[in-house]
Number of protein chains: 2
Amino acid sequence: MNLSEGKDKFLQSWGAYGSSWGVNRTMAQIHALLMIAPQALSADDIMEELKISRGNANMNLRALIDWGLVSKELKAGERKEFFVAEKDMWKVVKNIIIQRKKKELEPMLKVLDELSSVEGDTPEAAEFVRMIKEIKLFSGKADSTLDTLVKADSNWFIGTFMKMIR
Amino acid sequence: MNLSEGKDKFLQSWGAYGSSWGVNRTMAQIHALLMIAPQALSADDIMEELKISRGNANMNLRALIDWGLVSKELKAGERKEFFVAEKDMWKVVKNIIIQRKKKELEPMLKVLDELSSVEGDTPEAAEFVRMIKEIKLFSGKADSTLDTLVKADSNWFIGTFMKMIR
DNA sequence: CAATAGTTTCAAAATTTCCTGAAAGTAAAT
DNA sequence: ATTTACTTTCAGGAAATTTTGAAACTATTG
């Protein structure tokens with residue numbers, strides 16, 4: 001397989017992969033493109049490679065920066081902005097965990113907390129509260145585990161944890 | 001908060017939560033509804049509670065059964081089918097991991113494998129292969145970790161692992 | 001300060017995903 | 001063998017999401 005075929009396949013797969021996890025397909029593709037780029041790319045480079053509009057490129061680049069997966073790079077003497085992706089996979093995953101934890105897990109925990117105070121003496125109310133508490137207990141544990149994982153450094157995770165769990 | 005308010009809030013939140021993880025909103029809501037139900041529900045019960053069509057209810061129920069999160073229950077003397085959700089959160093999460101691993105992680109590993117054989121002596125090709133290998137290495141480790149997690153039983157996870165990682 | 005070189009925003013269009021409902025399918029009961 | 005009581009399928013419509021592109025904005029340069 002040559003580079004151009006491989007690149008296309010990677011861009012398309014990473015897009016589909018992201019898509020099935022609720023991440024905008026184009027955002028995932030821009031991320032993929034930057035991850036395999038040997039140097040920083042400009043918005044124009046990205047627009048051309050992925051055949052997308054300037055608006056689309058801009059919005060998704062900003063989102064990637066927000067997630068801590070991409071950063072801006074200024075080149076001396078150049079007026080336009082260049083973009084580079086974080087290439088350390090452990091950092092990539094860590095940032096994704098941090099974001100999704102903040103945007104999805106933590107709000108859910110808050111909702112579960114409110115819901116566990118539902119009143120009522122019917123079997124329906126009893127089962128509702130029981131199940132909400134079960135979900136909350138589990139989610140709370142997942143939340144702490146992720147906290148620990150995020151605080152742990154790459155070496156610890158890849159070394160100790162992986163060996164331990166095997 | 002009373003039951004009806006709580007239920008509505010839970011159904012809507014669980015739907016939104018699923019949605020942001022690439023799971024059909026209605027599928028997540030049916031799952032939520034069955035999780036908090038004290039007894040098995042019929043397709044008609046679900047259609048009425050969520051105000052959805054028979055086709056929609058049927059398709060998403062089948063998908064939930066596929067994922068191992070819901071099962072059919074036949075009542076003696078009743079011709080119609082009833083549905084119950086798995087209520088043990090550890091089993092729920094385990095089944096979700098198994099499915100997503102099979103449908104998304106494993107195909108990705110296969111693609112990465114193919115991509116790591118890209119040929120070329122340009123810096124672009126070198127960086128491409130380097131990065132694909134980095135992603136593959138990390139994904140492979142994640143895959144093994146999930147394997148172990150899935151084989152481990154609930155008690156082990158909640159007891160040993162949680163304490164260990166804290 | 002006008003021109004130039006970019007970036008950002010957002011309403012409308014395009015695309016994708018989801019849902020409906022009616023028709024077809026299935027199987028138990030009579 | 002026909003009716004009854006359901007379940008399943010899927011084409012077309014509805015809804016949600018994504019993308020475009022042009023106008024507005026910002027900042028550097030001459």
Side-chain angles (χ1 to χ4, degrees), chain A residues 11-34 40-67 70-84 100 103-104, chain B residues 11-34 40-67 70-84 100 103-104:
Chain A
L11 294 179
Q12 108 81 31
S13 304
W14 202 254
Y17 192 53
S19 195
S20 71
W21 283 90
V23 172
N24 180 297
R25 175 175 256 102
T26 303
M27 177 170 157
Q29 286 183 330
I30 295 176
H31 183 222
L33 182 61
L34 288 172
L41 301 182
S42 67
D44 292 272
D45 294 336
I46 293 165
M47 286 162 63
E48 195 186 0
E49 287 259 23
L50 300 176
K51 279 144 184 60
I52 58 173
S53 71
R54 185 171 302 282
N56 196 5
N58 184 273
M59 287 189 303
N60 286 114
L61 277 166
R62 258 189 312 110
L64 284 164
I65 291 171
D66 233 54
W67 279 51
V70 165
S71 45
K72 283 188 185 178
E73 205 175 80
L74 297 168
K75 286 194 183 175
E78 290 259 26
R79 209 140 134 191
K80 66 177 142 191
E81 294 171 333
F82 288 80
F83 302 90
V84 270
R100 302 209 82 157
K103 290 182 189 151
E104 285 134 30
Chain B
L11 295 179
Q12 108 80 30
S13 305
W14 202 253
Y17 192 53
S19 195
S20 71
W21 284 90
V23 173
N24 180 296
R25 176 175 256 102
T26 304
M27 178 169 157
Q29 286 184 328
I30 294 176
H31 183 222
L33 183 60
L34 288 172
L41 301 182
S42 67
D44 292 271
D45 294 335
I46 293 165
M47 287 161 63
E48 194 186 0
E49 286 258 24
L50 299 176
K51 280 145 183 60
I52 58 173
S53 71
R54 186 171 301 284
N56 195 6
N58 184 272
M59 287 190 303
N60 286 115
L61 277 166
R62 258 188 313 108
L64 284 165
I65 290 171
D66 234 54
W67 280 50
V70 165
S71 45
K72 283 187 185 178
E73 204 175 82
L74 297 167
K75 285 193 184 176
E78 290 259 28
R79 209 140 135 191
K80 67 178 141 191
E81 294 171 332
F82 288 79
F83 302 90
V84 269
R100 302 210 84 157
K103 290 182 188 153
E104 285 134 30

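Numbered from 1 within each chain, the chains take letters A, B, ... in sequence-line order.
- Applying the 4.0 Å criterion to OP1 and OP2 of dT18(D), one finds that Thr26(A) has every side-chain N and O outside that range.
- Between the C1' atom of dT18(D) and the CD atom of Gln29(A) lies a distance of 13 Å, rounded to the nearest Å.
- Sparse packing is recorded around CD of Glu48(A), with 12 or fewer heavy atoms of other residues, nucleotides or ligands lying under 6.0 Å away.
- As a whole-Å value, the separation of Arg79(A) CZ from dA5(C) P is 7 Å.
- In this entry the distance linking CD of Glu81(A) with P of dT26(D) reads 14 Å, nearest Å.
- Following rounding to the nearest Å, Met59(A) (CE) and dT17(D) (C1') show an atom-to-atom distance of 11 Å.
- Positionally, the nearest nucleotide of DNA chain C for Phe82(A) lies more toward the 5' end than for the other of Ser53(B) and Phe82(A).
- Judged by distance alone, with hydrogens and angles left aside, Arg54(A) brings no side-chain donor or acceptor close enough to the base of dT20(D) to form a pair under 3.5 Å.
- A donor and an acceptor atom never sit less than 3.5 Å apart when one is taken from the side chain of Arg25(A) and the other from the base of dT18(D).
- Heavy-atom distances to DNA chain C give each of Arg62(A) and Ser19(A) a nearest nucleotide, and the one nearer the 5′ end belongs to Arg62(A).
- Within the cation-pi definition used here (under 6.0 Å to the ring centroid, within 45° of the axis), Arg100(B) qualifies as a partner of Trp21(A).
- The distance from atom CD1 of Ile65(A) to atom C1' of dT7(C) is 12 Å, rounded to the nearest whole Å.
- Asp44(A) has its CG atom 15 Å from the C1' atom of dG21(D), to the nearest Å.
- Expressed to the nearest 0.5 Å, how far OG of Ser20(A) lies from CZ of Arg25(A) amounts to 9.0 Å.
- Although no hydrogens or angles enter the test, the distance criterion places no donor-acceptor pair under 3.5 Å between the side chain of Asn56(A) and the main chain of Ser53(A).
- Distance from the side chain of Asn58(A) is smallest to dT7(C) among dT19(D), dC19(C), dT7(C).
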Pair Arg54(A), Asp44(A) - check side-chain contact (heavy atoms from CB on, under 4.5 Å), show working. CA-CA 8 Å; Arg54(A) 185 171 302 282; Asp44(A) 292 272; 3.0 Å; yes
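- Nearest-nucleotide positions on DNA chain D for Lys72(B) and Ile52(A) put Lys72(B) closer to the 5' end.
- Here dA15(D) presents its C1' atom at 13 Å from CG of Asn24(B), a figure rounded to the nearest Å.
- The nearest whole Å value for the distance from the CG atom in Asn56(B) to the C1' atom in dG12(D) is 15 Å.
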